[in-house]
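So that the names make sense, note that chain A is the first sequence line, chain B the second, and so on, each numbered from 1.
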There are 2 protein chains.
Amino acid sequence: MAEVLKVAVDAEDDGGLLSDRIRNALTDEIASGALVAGSALEEQQLADRFGASRTPVREALRQLVVSGLVEVRGRRGLVVARMTPERIMDMFETSAEVEAMCVRLATYRMTPLERSHLIELHDASLQMVEANDVDAYDAFNREFHECIYRATHNSFLAEQAQDVRSRLSAFRRTQLRQGDRIRKSRDEHDAIMQAIAEGDGETAARRMRAHMLNAASALRRYIDDRLG
Amino acid sequence: MAEVLKVAVDAEDDGGLLSDRIRNALTDEIASGALVAGSALEEQQLADRFGASRTPVREALRQLVVSGLVEVRGRRGLVVARMTPERIMDMFETSAEVEAMCVRLATYRMTPLERSHLIELHDASLQMVEANDVDAYDAFNREFHECIYRATHNSFLAEQAQDVRSRLSAFRRTQLRQGDRIRKSRDEHDAIMQAIAEGDGETAARRMRAHMLNAASALRRYIDDRLG
DNA sequence: TTATGGATTTGTGTATACACTAATTGACAT
DNA sequence: ATGTCAATTAGTGTATACACAAATCCATAA
């Protein structure tokens with residue numbers, strides 16, 4: 001595992017800062033769930049794994065603390081941010097509201113080109129659902145939402161929305177594997193697309209909020225099933 | 001100037017990490033406008049100013065990059081994030097939408113205690129307006145909005161809202177000094193409070209959005225006056 | 001056997017030293 | 001006089017070394 005990741009890091013060995021590459025690698029590992037919440041993150045150990053010294057590793061870790069993916073644990077080293085179910089639900093709710101806000105603005109502001117691109121994406125997702133290809137749908141889903149962010153024509157808002165979304169990626173993937181959630185997800189997208197087509201931003205926002213909260217509910221069911 | 005800031009840092013010399021104290025100091029200086037956008041941030045120079053080595057300074061700077069207050073400028077050192085008028089307006093719009101979202105949720109969720117605290121704060125702000133005390137009103141304003149964040153009972157959302165808000169603090173102060181903006185600001189708060197009292201979250205949200213956008217307009221007028 | 005105190009160990013926090021890149025300046029040639 | 005190329009320099013990026021704090025473990029005593 002460590003070797004695989006090392007290679008992945010080395011692959012983009014060009015120009016970039018070592019600390020940046022380490023940060024990106026750790027971000028991916030946390031987002032993907034490869035590094036589970038609560039794991040201790042020891043500087044020297046990570047330095048060995050990435051073939052670097054403690055300095056860039058430490059820099060990467062402190063940056064991850066700022067972005068909320070890692071927690072400082074006094075002097076007892078850093079750990080992958082451990083989130084309570086309540087916190088996760090708070091994050092999903094926030095994400096739902098932010099996404100609703102974005103789609104409302106996007107509906108009113110998107111260019112015809114952006115609208116057609118979104119339709120294209122949405123149409124293509126149908127066969128992913130029928131193939132039950134979770135990974136492909138997950139990737140599409142990301143693209144779909146990012147397309148909406150951009151269509152707000154507010155780059156700062158787009159960045160904020162993206163940031164919130166990326167913090168939930170690990171959970172989103174989990175949730176998508178639940179039952180027929182993928183199909184329902186696409187149906188909800190369909191309803192949103194319709195509102196966008198009609199230029200009704202408020203409806204699009206309501207439907208988007210419901211869509212995100214449904215995803216949260218699916219995740220909660222999953223968590224409850226596993227824990228209770 | 002440098003000495004004053006140094007003292008301010010030393011004042012809270014207890015326990016905290018050097019890099020954290022430097023980061024906080026720099027954050028304050030950027031937020032207050034003492035460090036103007038575009039200023040070069042040289043590591044050794046800052047290290048000398050804070051009586052530290054480059055290591056904690058560098059750590060602080062890289063953290064500020066993540067939180068968006070500082071920009072990397074290739075190899076030519078870091079600079080205080082230079083924001084275009086468009087970007088500032090994007091940030092204000094985002095802030096407006098986020099605040100609207102918060103007040104809507106807060107209206108539906110706040111406890112009687114939270115409501116009474118908010119009313120108390122609002123009432124107290126009247127004499128600040130009449131004394132035309134910009135600093136006091138600025139401090140109150142911060143407290144007022146933070147109170148609303150907390151009343152959403154969503155700690156993650158509260159943090160995000162706070163984060164966006166803090167990035168605009170330098171501009172907000174500027175804007176408040178414009179004409180009779182303070183009085184108008186308080187009138188707008190009053191309208192928001194009324195909607196909250198009536199439990200009408202949607203109206204509170206609309207009024208909050210308008211309130212924030214008015215602040216942005218006041219700032220834009222100020223910018224246009226100075227530049228054009 | 002258990003509690004207490006110190007020694008050891010482990011790992012963070014900071015400083016310093018070194019490497020490398022890029023920019024600037026000066027010299028030389030046209 | 002001006003353009004180009006090389007040398008110097010200034011400053012970032014990384015590594016290593018050292019300081020300090022906390023936690024654990026072992027020995028000793030009650």
For A/Arg54 and C/dT10, give me the distance from atom CZ to atom P, rounded to whole Å.
-> 15 Å
Atom pair distance, as rounded to whole Å: CG in A/Leu17 and C1' in C/dT21 = 11 Å
First-last contacting nucleotides on DNA chain D - partner chain A, under 4.0 angstrom, heavy atom = D/dG13 to D/dT24
Contact class for [X] vs. all strands (heavy atom < 4.0 Å): base, sugar-phosphate, or nothing?
| X | value |
| --- | --- |
| A/Gln44 | nothing |
| A/Glu42 | sugar-phosphate |
| B/Glu43 | sugar-phosphate |

Please identify each residue that fulfils side chain to side chain contact (heavy atoms under 4.5 Å, CB included) with B/Ala170, with sequence neighbours left out.
-> none
Are side-chain heavy atoms of A/Ile192 and A/Val103 found at a separation under 4.5 Å?
-> yes
Sequence neighbours excluded, which residues qualify as side-chain hydrogen bond (donor to acceptor under 3.5 Å, both in side chains) partners of [X]?
| X | value |
| --- | --- |
| A/Asn214 | A/Glu188 |
| A/Gln45 | none |
| A/Glu99 | A/His145, A/Tyr149, A/Arg165 |

Can a side chain N or O of A/Arg62 be found less than 4.0 Å away from OP1 or OP2 on C/dG13?
-> yes
Return the set of residues passing ring pair (Phe, Tyr, Trp, His ring centres under 6.0 Å) with A/Phe171 (not counting sequence neighbours), or none when no residue passes.
-> none
Salt bridge (charged side-chain N to carboxylate O under 4.0 Å, His left out) contacts in which one or both residues fall within residues 105-122 of chain B, not counting sequence neighbours = A/Glu93-B/Arg109
For residues 54-65 of chain A, pull every pair meeting side chain to side chain donor-acceptor pair (under 3.5 Å), keeping only residues two or more places apart or in separate chains.
-> A/Ser19-A/Glu59, A/Arg23-A/Gln63, A/Glu43-A/Arg54, A/Glu43-A/Arg58, A/Arg58-B/Glu59, A/Glu59-B/Arg58
Looking at five pairs on each end of the helix from C/dT1-D/dA30 to C/dT30-D/dA1, what is the angle between the two axes, given to 10 degrees?
-> 10°
